[in-house]
Amino acid sequence: MDSDLITLQRKLNQFSKELDKFTPEPESVVEFKSKIKALSGLLENVNRKLAS
């Protein structure tokens, strides 16, 4: 399996666990947005590799 795909899977699992504990406070929302951007970048990389 491609390393980006493995990384994406691991990070999505971790993100999912954090989402269960998420409390919407200003500081946590900023951190949450940052994590979503990082996951989005990983997903784009995996999509590009799958498309080629």
Side-chain angles (χ1 to χ4, degrees):
M1 195 183 281
D2 187 83
S3 64
D4 281 343
L5 189 55
I6 293 169
T7 301
L8 178 63
Q9 182 180 23
R10 183 176 44 81
K11 290 193 179 266
L12 282 172
N13 287 338
Q14 178 184 359
F15 184 75
S16 204
K17 289 175 187 173
E18 292 176 17
L19 186 57
D20 289 339
K21 301 174 190 173
F22 179 72
T23 53
E25 298 171 5
E27 300 82 19
S28 61
V29 169
V30 170
E31 184 181 336
F32 201 65
K33 283 182 175 181
S34 173
K35 289 180 181 183
I36 290 171
K37 276 188 172 181
L39 287 171
S40 176
L42 273 172
L43 185 56
E44 284 180 30
N45 288 343
V46 169
N47 281 338
R48 257 193 302 273
K49 286 184 178 184
L50 288 174
S52 61

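Closest approach of T23 to S28, counting heavy atoms only: O-OG, 2.6 Å.
For residues 3-15, the salt bridge (Lys or Arg N to Asp or Glu O under 4.0 Å) pairs, not counting sequence neighbours, are D4-K49.
The salt bridge (charged side-chain N to carboxylate O under 4.0 Å, His left out) search around E18 returns K35, not counting sequence neighbours. For E27, the side chain to side chain contact (heavy atoms under 4.5 Å, CB included) test picks out E25, with sequence neighbours left out. Residues meeting the ring-ring contact (aromatic ring centres under 6.0 Å, His included) test with F15, sequence neighbours left out: F32. Checked against side chain to side chain donor-acceptor pair (under 3.5 Å), N47 has no partners two or more places apart in sequence or in another chain.
The structure places CG of L5 at 10.0 Å from CG of L43, a figure rounded to the nearest 0.5 Å. In this structure, CG on L12 lies 11.0 Å from CG on L19, to the nearest 0.5 angstrom.
No side-chain donor-acceptor contact under 3.5 Å links S40 to the backbone of I36.
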Query - side chain to side chain contact (heavy atoms under 4.5 Å, CB included) assessment of E44 paired with R48 - result: CA-CA 6 Å; E44 284 180 30; R48 257 193 302 273; 4.2 Å; yes
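L8 pairs in a side chain to side chain contact (heavy atoms under 4.5 Å, CB included) with only one of the listed residues (V46, N13, N45), which is V46.
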